[in-house]
Structures are given as C-alpha cells and as structure tokens.
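Structure, as structure tokens:
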Amino acid sequence: MLAMDYRGPYRVRLEEKPMPKIEHPRDAVVKVTRSCICGSDLHLYHGLVPDTRVGMTFGHEFCGIVEEVGSAVENLKAGDHVLVPFNIACGQCHFCKQGLFGNCHESNPQATAVGGIFGYSHTAGGYDGGQAEYVRVPYADFGPTIIPDWMDPDDAVLLTDVVPTGYQAAEMAGIKRGDTVCVFGAGPVGIMAARCAWLFGAGRVIVIDHLDYRLEFVKDYAPAEVYNFRELDDLVVFMKKTTDGLGADVCIDAVGNDASGNIWQTILGKKMKLEAGSAIALHWAINSVKKGGVVSVVGVYGPTGNLVPMGNVVNKGLTIRANQASVKRLLPRLIEHVKAGHINPKAMITHRVPLEDISDAYHIFSKKLDGCIKPVLVPNAA
Ligand SMILES: NC(=O)c1ccc[n+]([C@@H]2O[C@H](COP(=O)([O-])OP(=O)(O)OC[C@H]3O[C@@H](n4cnc5c(N)ncnc54)[C@H](O)[C@@H]3O)[C@@H](O)[C@H]2O)c1
Ligand SMILES: [Zn+2]
Ligand SMILES: [Zn+2]
C-alpha cells in the first residue's frame, strides 16, 4: 500500500509499505477515504517533537471503510464507514473511565503523560497514522464511530480532531454568559474555538493571528473581531485597552510551540531548541487575560518544556486548563451540532490533494501558501 513516509525535518514522501495487519483481537484495519494534515503534524514536520523516527507514517485525522476486524470487535464490520478519533484509547482504564480519552493509561507504552496518538512519534506510542491507503486501528471496539448516513465525509474527518479540539478549548475555558474571549491562532483549531465560544455564551470573541487571509475567514465564520499582531505595537497593551483596562475574561491558546512573533522565543525554542519551540502565544494569553481569569491551552507543547511567566499566573490568580481533546467524549454532542447546522466543519477545507502529492500538501500547509486553511488528502483508491 502507499503511505506517507517521514524522512527527517521538512522531508516527507509517499512510499510503498507493507499492508497493516490485525495484531490484536481488538484491532481493525481501515481503508482510508480521507485524511488531513493538522497543525500538530507541522510540529513533527518541523522537527520539534522528540523521537519522531524516520520511516514513520503521520496522520491522526482520518476516516475510512473498515476492511477487517479482530475477533474481539463486535460493534464494527467490514464495509462500515467510520471516523476514527485521533486519541488511541482503551476505554477501560482509570483515565478512560473519567472520559479522559486523550490520557489513556494503556495505549502508550512509551510515556505516561499522554495516551497513544496515531502517527505522532514514539512519544505518543509510535503508531503509524492514516496519511496512507490503509491503517491499523487499535481498540477498534471503542474508538471508531460509524459516520451517520446524512453526514458528509468531509465533515466527518474534521470530527476526528479539529472540531472536538476547538470545542474543548471553549469548554475548558469555563466561558460565562457575556464573557470576552480572546483566541490566539486562526488555524482550524482557533477558528473552531472561536465559533464554539459563542455556543458557550461568549459576549465578545476576538481572534489574533498574523495571517490576514485566515483572519478574514474567521471574521465571517465565527464571527469574530480580528487583529493582526504584527500591526499592533504591543499586543498585551492593546488587549488591556480594548477591555477597559481589565484584560479578556478568557484566553485560548490555539497556537502551540510553532508560534511566531517574538525573536527571543524563536531563537531559544525553534532554532537552539533549548525549550520546546516558542511559547510566545502562551505568554500573550497569560498576560492578556484578566486577574482571576482562565487560560485554556490546546496548542501543543512537548518535552523538554517551555519558559512561561509563572509569576504572572500566580500573582494574577489565573486558572490554566489544558489537554489533548477527548474526542470520543465529545462526539455525540458535536454530531448533533453539525446536524443542527451550528457548526459547519467542511467550510474550513481549502485544499483537496491526492495522497500522491503529499509532499506538496505539507509544503503548502507549512508555508501557509495559496490561502491554505485545511488540506484534505484523498487516496487514489478511495
Ligand atoms: N490539544 C489538542 O487536542 C490538539 C488537537 C489538534 C491540534 N492541536 C494544536 O493546536 C494548534 C493549532 O492547530 P492548527 O491545526 O489550527 O494549526 P495551524 O498551524 O494551521 O494554525 C496555527 C495558527 O497560529 C498562528 N500563529 C502563529 N504564531 C502566533 C501568535 N504568536 N499569536 C497568534 N497566532 C499565531 C499561525 O499564523 C497559524 O494561523 C497546534 O499547536 C496543534 O498542535 C491540539
Ligand atoms: Zn490534528
Ligand atoms: Zn484507557
């Protein structure tokens, strides 16, 4: 089968690889119909995630047709069209029982902090992902969800990560009616967080980025007030001024460790790798939120850790909430939101690329060329 192959930072290509097999009674093999490239894949692509091994197949956002199931999988059969949450979760451990499916204690033998994630380095279990024609899905009796007949597969594939992540960012922020919510990052995750902030009762939604084409999109889509941080003298001062000197009630970091906007963070984190990428969006979130406010972090940060203004967190009495999205927990209500038209995920898809052209797709998405918001990869056979 054909699958994406990681060759080192900024180098990916398509390779012929062995067909995945059932390795455990709870496995399934899925024939991919669509997969996406995510901002999280860019952290791998840019070499910011430790133990990303040459030869790995990325791809944690995919849906597809069940090809084969292991003997213990009774709720799926060959031919079912499923969307597969990016978290690999057993559904039974101490953490899964609490709905913390991104923190499964069983699915990642390589580390305890995070559960397994498809195609996300050996720090997240070393599982091959879905930027391929076929993929092995562990715990298939728990994770995959059959795509409802009425649902467009383009919406379904975005329910594997982006929609739940944006929604959980707003949920963790504990938004109260009328709150001012400031979202850092107008990528798919930030766009979705801004949209969902309204569902939780926000009174004002602000989105910060430096890519005007994305700000234009989210301005209509969320809708939101948008600002380009490169056009502001001091983002934090601006945020205070526009909120009567108080700061936003809630700040959401939907950027993570690939953030731009501060030369020192870039040198320290992205060039010298003395911290895990640049944490400038998190600095801005902490410094722009009001005293007693909440900072909700879904932007990805990894080992070895980042320098963050902890003194300000303490002195301002902030609450910081963060996690990988717990996709399976949120799916039932998000499927209802899509059905009711409250969320229109597929509107974010700007590029539909044959799997064969995967290296071009990474390049375009990484460099934010051609108005790219969300690229979807479609295998030839699908
Ligand atoms: N927690 C989770 O479960 C989860 C799931 C999916 C993605 N993520 C993470 O969410 C983040 C966003 O993902 P995405 O797919 O939207 O990525 P993306 O790369 O498409 O978007 C990131 C956006 O942030 C902007 N940006 C850069 N520096 C900024 C700054 N200092 N302030 C404001 N904006 C800035 C970029 O211009 C870009 O538009 C990534 O870190 C990704 O790893 C987390
Ligand atoms: Zn993702
Ligand atoms: Zn578990």
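Small disclaimer: the values here were computed from a predicted structure and weren't measured. Both ligands and their constituent atoms are indexed starting at 1 by order of listing.
Between R26 and D141 there is a salt bridge, since a side-chain N of the basic residue sits under 4.0 Å from a carboxylate O of the acidic one. Salt bridge status for K374 with E61: present, with a side-chain N to carboxylate O gap under 4.0 Å. A salt bridge does not link E336 with K339: every distance from a Lys NZ or Arg NE/NH1/NH2 to an Asp or Glu carboxylate oxygen is 4.0 Å or more. Salt-bridge annotation for R53 and D51: present, with a side-chain N of the basic residue lying under 4.0 Å from a carboxylate O of the acidic one.
The atoms of ligand 1 that sit less than 4.0 Å from any heavy atom of W284 are 30 (C), 31 (N), 32 (N). Residue I280 approaches ligand 1 through these ligand atoms, each under 4.0 Å from one of its heavy atoms: 31 (N). Close approach of ligand 1 to A254 (heavy-atom distance below 4.0 Å) involves ligand atoms 11 (C), 12 (C). Of all atoms in ligand 1, listed by their number and element, those nearer than 4.0 Å to a heavy atom of H210 are 37 (O). Of all atoms in ligand 1, numbered sequentially from 1 with element shown, those under 4.0 Å from a heavy atom of N323 are 1 (N). Atom numbering of ligand 1 starts at 1 in the shown order; those under 4.0 Å from a heavy atom of G256 are 41 (O).
Side-chain atoms of H210 and E231 include no donor-acceptor pair closer than 3.5 Å. Using modelled atom types, one finds a donor on one side chain and an acceptor on the other under 3.5 Å when comparing R204 with T242. In summary, the side chains of Y301 and E275 do not present any donor paired with an acceptor at a separation below 3.5 Å, with no hydrogens or angles considered. With no hydrogens or angles considered, no side-chain donor-acceptor pair links T112 and H105 at under 3.5 Å.
Only side-chain heavy atoms of L211 come within less than 4.0 Å of ligand 1; its backbone N, CA, C and O stay farther off. Contacts of T165 with ligand 1, taken as heavy-atom pairs under 4.0 Å, involve the side chain alone. Heavy atoms from both the backbone and the side chain of V298 come within less than 4.0 Å of ligand 1. If you look at I373 next to ligand 1, there are no close heavy atoms at all, none under 4.0 Å. The side chain of K368, and not its backbone, has at least one atom closer than 4.0 Å to an atom of ligand 1 (non-hydrogen atoms only; side chain from C-beta on). Contacts of P188 with ligand 1, taken as heavy-atom pairs under 4.0 Å, involve both backbone and side chain.
A ring-centre distance under 6.0 Å is not found for Y120 and F58. The six-membered or imidazole ring of H60 lies away from that of F118, with a centre-to-centre distance of 6.0 Å or more. Ring centers of Y167 and F200: under 6.0 Å apart, within the cut-off.
In terms of polar-atom proximity, defined here as any N/O pair under 3.5 Å, D161 makes no such contact with ligand 1.
Among the candidates Y10, Y45, Y6, the single residue satisfying the ring pair (Phe, Tyr, Trp, His ring centres under 6.0 Å) test with Y362 is Y45. For the salt bridge (Lys or Arg N to Asp or Glu O under 4.0 Å) criterion with R136, the lone passing option out of E67, E23, E68 is E23.
Take the N/O/S atoms of E61: the one nearest the Zn ion (ligand 2) is OE2. Summary: OD2 is the N/O/S atom of D161 found nearest to the Zn ion (ligand 2).
Nearest residue to atom 20 (O) of ligand 1 from R230, K374, R214, Q324 is R214 (criterion: closest heavy atom). Relative to atom 30 (C) of ligand 1, the option among F229, F365, F86 with the closest non-hydrogen atom is F229. Among C38, A325, G39, A322, the residue whose heavy atom lies closest to atom 14 (P) of ligand 1 is G39. Selection from V327, I37, V189, L48 by nearest heavy atom to atom 16 (O) of ligand 1 gives V189. Taking each of P375, A186, S366, S260 in turn, the one with a heavy atom nearest to atom 31 (N) of ligand 1 proves to be S260.
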| said: Between E133 and K31, is the salt bridge (Lys or Arg N to Asp or Glu O under 4.0 Å) condition met? List the steps. | reply: CA-CA 6 Å; E133 290 182 311; K31 180 179 181 184; over 6 Å; no

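Note on C38: counted as a metal contact of the Zn ion (ligand 2), an N/O/S atom lying under 2.8 Å.
By the 4.0 Å heavy-atom criterion, G185 is counted among the residues contacting ligand 1. Ligand 1 does not have N257 within reach: every non-hydrogen atom of the residue lies 4.0 Å or more from it. Ligand 1 has no atom lying under 4.0 Å from any heavy atom of Y301.
Rounding to the nearest 10°, we obtain 100° for the angle at the Zn ion (ligand 3) between C90 SG and C104 SG. With the Zn ion (ligand 3) as vertex, C93 SG and C96 SG subtend 100°, rounded to 10°.
Residue, atom and distance of the protein heavy atom nearest to atom 23 (C) of ligand 1 are D209 OD2, 3.6 Å.
Because its NZ or CZ atom is both nearer than 6.0 Å to the ring centre of F365 and within 45° of the ring axis, K368 counts as a cation-pi partner of that residue.
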